[in-house]
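What follows is a set of notes on a single structure, which appears directly below.
Each ligand, and each atom within it, is numbered from 1 in the order the structure gives.
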Amino acid sequence: MVRSVFNSVADQYDIMNDFMSAGVHRVWKDSLIHTLNPRANMQVLDVAGGTGDIAFRFLDNSPTANGKKTGHVTVLDINTEMLRVGQNRAEKLGYADRADFFCGDAMNLPVADHSQDAYTIAFGIRNVTRVDQAVEEAYRVLKPGGRFLVLEFSPVVTPILQKAYDTYSFNVIPKLGEIIAKDRESYQYLVESIRKFPDPEKFTNMISKAGFERASYRTMTAGIAAIHSGWKL
Ligand SMILES: C[S@@+](CC[C@H](N)C(=O)[O-])C[C@H]1O[C@@H](n2cnc3c(N)ncnc32)[C@H](O)[C@@H]1O
């Protein structure tokens with residue numbers, strides 16, 4: 001079902017994000033990269049990486065060493081249409097030599113144990129059927145000292161905003177999906193999936209249970225989105 005949702009919206013995905021969030025998704029994604037704080041020669045696995053927003057930000061913010069750009073990212077997604085859009089963008093924008101794109105499932109990563117400096121997943125983990133399995137896989141592929149970072153919508157917003165947020169989510173977003181992406185149902189599913197995702201405290205417990213140390217989170221924009229972090233130590 002998730003595969004067909006993203007097949008249907010892939011070409012309009014980036015423009016829809018700007019419309020739905022009035023551009024704020026860019027600020028949240030910048031915050032994720034700021035939290036990651038890229039070091040020279042870092043190898044990052046961006047799961048559910050879709051059209052490459054996180055991957056390209058990581059590459060833009062990676063330091064140079066000996067006058068050469070460093071940093072390498074592997075973008076993994078279950079959906080080949082999203083990957084196609086991402087790969088085209090990478091070629092157009094000049095990232096192709098530092099980014100690889102692979103089709104794969106977050107619950108069963110085709111990635112070697114202890115091979116990644118960081119694992120990122122933005123607005124993807126709530127779409128995964130078994131979230132705990134995806135978190136365990138993240139732990140497996142990270143090197144000791146590696147960082148796990150999740151950017152996701154949170155189901156809990158500041159109470160004063162709850163009513164307006166619900167109206168916006170359940171009425172305006174599906175309508176925008178209908179007009180812009182010509183697919184109301186997919187955007188209806190996407191807003192419903194936000195409400196089913198565990199709240200930040202519960203998700204933090206899940207991260208700790210998988211073995212990550214110093215599990216923490218911080219919410220942004222009145223609780224609409226959260227960045228979760230854990231370390232494999
Ligand atoms: C909302 S998009 C996020 C894309 C990108 N990370 C961003 O922030 O713009 C969610 C992505 O998760 C992918 N996805 C869903 N389930 C997945 C799974 N089990 N394994 C890998 N990717 C998955 C979808 O194909 C889609 O590209």
List the closest protein heavy-atom neighbour of atom 20 (N) of ligand 1: residue, atom name, distance to the nearest 0.1 Å.
-> A106 N, 2.9 Å

Run down the list T129, D105, N127 and name the one with the heavy atom closest to atom 19 (N) of ligand 1.
-> D105

Where the side chain of R147 meets the backbone of D117, is there a donor-acceptor pair that is under 3.5 Å apart?
-> no

Roughly how far, to the nearest 0.5 Å, is CD1 of I227 from OG of S216?
-> 10.0 Å

Kindly check if the number of other-residue, nucleotide or ligand heavy atoms within 6.0 Å of CD1 (I160) is above 12?
-> no

How far is atom 25 (O) of ligand 1 from its nearest protein heavy atom, and which residue and atom is that?
-> D77 OD1, 2.6 Å

State, to 0.1 Å, how close V150 and L32 come at their nearest heavy-atom pair, and which atoms those are.
-> C-CD1, 4.3 Å

What atoms in ligand 1 come closer than 4.0 Å to a heavy atom of M82?
-> 27 (O)

What do you reckon, does I78 have a nitrogen or oxygen under 3.5 Å from a nitrogen or oxygen of ligand 1?
-> yes

Between F212 and Y139, is the gap from one ring center to the other below 6.0 Å?
-> yes

Return the residue, atom name and 0.1 Å-rounded distance of the protein heavy atom closest to atom 15 (C) of ligand 1.
-> V2 CG1, 3.3 Å

Test of proximity, A122 against ligand 1: N or O pairs below 3.5 Å = yes

What part of K29, side chain from CB on, backbone N/CA/C/O, both or neither, has a heavy atom under 4.0 Å from ligand 1?
-> side chain

For atom 6 (N) of ligand 1, state which one of G124, A10, G50, A48 supplies the nearest heavy atom.
-> A48

Check whether any N or O atom of D46, backbone or side chain, sits under 3.5 Å from an N or O atom of ligand 1, and answer yes or no.
-> no

Greater than 12 external heavy atoms within 6.0 Å of K209's NZ = no

Which of the atoms in ligand 1, numbered in the order shown and given with their element, are less than 4.0 Å from a heavy-atom of G104?
-> 20 (N), 21 (C)

Does one side chain, of Y13 or N17, offer a donor that lies under 3.5 Å from an acceptor on the other?
-> yes

Inspect the surroundings of CZ in F197 and state if more than 12 heavy atoms from other residues, nucleotides or ligands are less than 6.0 Å away.
-> yes

Could you check which of F123, F102, Y13 puts a non-hydrogen atom nearest to atom 10 (C) of ligand 1?
-> F123

Backbone or side-chain N or O of T51 under 3.5 Å from ligand 1 N or O = no

Mark yes when over 12 heavy atoms from residues, nucleotides or ligands other than I179 sit less than 6.0 Å from its CD1; otherwise mark no.
-> yes

